[in-house]
Amino acid sequence: LVSFIKLSNNSLKQANRTFYANSAMNLAEVGLEEAIACFNQLDNVATPDLAWAGWTLNSTAYNATSSPYTPYVVRNLTGFTPGPNTTGSVKVYAQHYKGSAGTTPVIVVRSTIVQPDGSPSISKYIEVTLRKRSLFANGFVARLNISWVGHPMADSWDSKRYNSPTIDLDSDGIMDINDADANGDGVLDPSRPYSSAIRTANVIVASVSGNIALATGDIWGSAKTGEFGTITGGSVHPLGTTTDDPTRRTNDFNATFPDPTIPAPTSSNPIRTRINTSTVFPRSSDIPVTTGGVTTYYYNFESTGVINLAGSDTISIAPGANVVFLMNNHLSVNAITTAGSAGVNTGAGATLNVYTNGNVSIAGNGMVNANNNAATTAFWGTATSTQTQNMTISGNGQLTAVVYAPNADVSLNGGGVSGLMAGAVIAKTIIMNGGTEFHYDEALGRITTGNPYGISKWRELQSASERATYSTQLGY
């Protein structure tokens, strides 16, 4: 009888510890959610500290040698009762709490449950690395159908010249992958162009709620649809082969794409008439807007103001200039049309952002972007889900740009065997024709301004050595 009672008692204790171990993990998740909620308030407060009300802040600057765990915030959450006469608490540590550009926030939590029978306390440790979500985290995405014709291809590369997530060349606390001046020479690192020598297989060709037809095309990466979508044709594979890998075709894709936010500058330069001759922006009499030390020229195109180029005429963005075209009075008409040898050129160090609800048809010499950074030329489709918008973009050479038009039908047409687009596309539907090559720039996945944080890495710290790393930070 005594043995039976002891066995029953031990079984009960073991069952209780199993139960409370699960409860400890749940408490740790509570601590994570508290910290992530504060990170996601950073864009909504006047100063970062206001997002962390109730937390203890240490604003000491990061130094890889002398202060590798700062700046940080900590908080002790108490008052949990996961069971009768049982107490629970959670200690939370969050580094880089200000969300400064280029930093990688890390959250570590330790939950502890103390039982009334005097048995050892139960603790769970979780370490989470955050990143800001990007509109261009996948590369080639349609809300509805994707149709390839002929033998297009899609792959990826990273235009970031120094792109290691674990190396900090200049020891400034910012990993090279997020550091605009990774080598610390005081000059922004130049982007590198696509070449097959630095090809990666990380592009995601995806449909949220439609089907994907690949014809005889190739994808170095993955193809994904929603639960009820189909993927037909083509070959989806990793590097080193063109043999189809069925595991790279999945039906688990889900994403939402908000409508673009149209800029509302304090002043802009009106365009009231059609532009049909070569023009360089900014023009000598144009007035810029300077915000946060960045000078930008905004142009508000009225309904009669369109771009219609033929022959050898071009729209050129002067080197180093930041230009925004606001063309949102053009529903159901062509806002931009180029044909013949005409084209749109973005100069070295310049940026061009086009916001339009009108149609875009860029043919002829298409787009010429002197930068290897696709984000320097962007088309933002502003038509609503109940409106119709078409974007057709082609070129005889390379097109380095992004297209974000979640309610537009987008068609990419290569100019013969040399047709190439490097960047990212988000649209309602996408058609890619002929021998067009699409190269997704992974650097676009790190464009994060204004987007909430998401989890890029989650792991439970189980060994004593793993937990010891944060013994000081969680020892308060």
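For the residue pair Thr247 and Asp245, a side-chain donor N or O sits within less than 3.5 Å of a side-chain acceptor on the partner. Under the 3.5 Å distance criterion, with hydrogens and angles disregarded, no donor-acceptor pair is assigned to the side chains of Thr346 and Thr376. Defined by atom type and a distance below 3.5 Å, a donor-acceptor pair is present between the side-chain atoms of Thr230 and Asn211. Between the side chains of Asp259 and Asn407, a donor-acceptor pair is found at a separation under 3.5 Å. A donor atom on one side chain and an acceptor atom on the other are not found under 3.5 Å apart for Thr429 and Asn145. A donor atom on one side chain and an acceptor atom on the other are found under 3.5 Å apart for Asn58 and Thr60. Under 3.5 Å, the side chains of Tyr470 and Glu127 contain a donor-acceptor pair of N or O atoms. Ser463 and Ser465 are linked by a side-chain donor-acceptor pair at a separation below 3.5 angstrom, with hydrogens and angles left out of the test.
For Val203 against Trp220, the heavy-atom pair with the smallest separation is CG1-O, 3.2 Å. Here the shortest heavy-atom pairing between Thr200 and Ser156 reads OG1-OG, 2.5 Å. The shortest heavy-atom contact between Asp189 and Lys160 is OD2-NZ, 3.7 Å. Between Phe19 and Pro82, the shortest heavy-atom contact is CE2-O, 3.8 Å. The shortest heavy-atom contact between Ala370 and Ala348 is CB-N, 3.5 Å. Nearest heavy-atom pair across Lys98 and Ser59 is NZ-CB, 4.4 Å.
For the atom pair CZ of Phe39 and CH2 of Trp52, the computed distance is 4.0 Å after rounding to the nearest 0.5 Å. Asn254 contributes atom CG, which lies 9.5 Å from atom OG of Ser209 (distance to the nearest 0.5 angstrom). With rounding to the nearest 0.5 Å, the separation of CD1 in Ile167 from CG in Asn163 is 9.5 Å. Taking CD1 from Ile122 and CE from Met25, the interatomic distance works out to 11.5 Å, rounded to the nearest 0.5 Å. Note that CG of Leu135 and OG1 of Thr256 are 9.5 Å apart. Values are rounded to the nearest 0.5 Å. Atom CD1 of Ile231 is separated from atom CG of Asn251 by 5.5 Å, given to the nearest 0.5 angstrom.
For the pair Leu326 and Pro263, the minimum side-chain heavy-atom distance is below 4.5 Å. Residues Ile198 and Arg192 form a side-chain contact, since some pair of their non-hydrogen atoms from C-beta on lies under 4.5 Å apart. At least one side-chain heavy atom of Leu77 sits under 4.5 Å from a side-chain heavy atom of Arg75. The shortest side-chain heavy-atom distance between Glu29 and Ile126 falls under the 4.5 Å cut-off. Considering only heavy atoms from C-beta on, Asp49 comes within 4.5 Å of Tyr97 through its side chain. Taking 4.5 Å as the limit, some side-chain heavy atom of Tyr20 sits within range of a side-chain heavy atom of Thr86. Using a 4.5 Å heavy-atom threshold, the side chains of Val128 and Trp458 count as touching. Annotation: side chain of Ile212 is not in contact with side chain of Arg249 (no heavy-atom distance under 4.5 Å).
The aromatic rings of Tyr62 and His96 lie tilted to each other, with the angle between the two planes from 30° to 60°. Below 30°, between 30° and 60°, or above 60°: for Trp157 and His439 the angle between ring planes is above 60°, a perpendicular geometry. Relative ring orientation between Phe140 and Trp148 is described as perpendicular, the plane-to-plane angle rising above 60° on a 0-90° scale split at 30° and 60°.
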Evaluate Ile36 against Ile455 for side-chain contact (heavy atoms from CB on, under 4.5 Å), listing each step before the verdict.
CA-CA 9 Å; Ile36 293 173; Ile455 294 174; 4.0 Å; yes

Please lay out, stage by stage, how Met391 and Thr356 fare under the test side-chain contact (heavy atoms from CB on, under 4.5 Å).
CA-CA 10 Å; Met391 291 191 177; Thr356 183; 4.3 Å; yes

Begin with the C-alpha distance, continue with both residues' side-chain angles, and end with the deciding distance and a verdict on side-chain contact (heavy atoms from CB on, under 4.5 Å) for Asp170 and Asp168.
CA-CA 6 Å; Asp170 56 3; Asp168 181 8; 3.0 Å; yes

Test side-chain contact (heavy atoms from CB on, under 4.5 Å) applied to Ser411 and Asn433, step by step:
CA-CA 8 Å; Ser411 178; Asn433 292 298; 3.6 Å; yes

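Using a distance-only test at 3.5 Å, with no hydrogens or angles considered, no donor-acceptor pair links the side chain of Arg248 to the main chain of Ala223. The main-chain N or O of Asp244 is found under 3.5 Å from a side-chain atom of Ser235 such that the two form a donor-acceptor pair. Not a single donor-acceptor pair under 3.5 Å links the side chain of Gln95 to the backbone N or O of Pro105. In this structure a side-chain-to-backbone donor-acceptor pair under 3.5 Å is present from Asn371 to Gly347. With hydrogens and angles disregarded, no donor-acceptor distance shorter than 3.5 Å links the side chain of Tyr72 to the backbone of Gln473. Looking at His237, its side chain never comes within 3.5 Å of a backbone N or O of Thr243 through a donor-acceptor pair. Checking side-chain atoms of Asp181 against main-chain N and O of Asp185 turns up a donor-acceptor pair under 3.5 Å. With hydrogens and angles ignored, the 3.5 Å screen pairs no side-chain donor or acceptor of Ser66 with any backbone N or O of Asn63. The main-chain N or O of Ala24 is found under 3.5 Å from a side-chain atom of Ser111 such that the two form a donor-acceptor pair. A donor-acceptor distance shorter than 3.5 angstrom exists from the side chain of Asp441 to the backbone of Ala443, with no hydrogens or angles considered.
Here Lys124 pairs with Glu460 under the salt bridge (Lys or Arg N to Asp or Glu O under 4.0 Å) rule; sequence neighbours left out.
Within 6.0 Å of CG in Asn85 there are 12 or fewer heavy atoms belonging to other residues, nucleotides or ligands.
In this structure, Arg199 pairs ionically with Asp155, as a charged nitrogen and a carboxylate oxygen lie closer than 4.0 Å.
Checked against Asn322 for a side chain to side chain donor-acceptor pair (under 3.5 Å), the options Thr351, Thr296, Asn353 give a single hit: Thr351.
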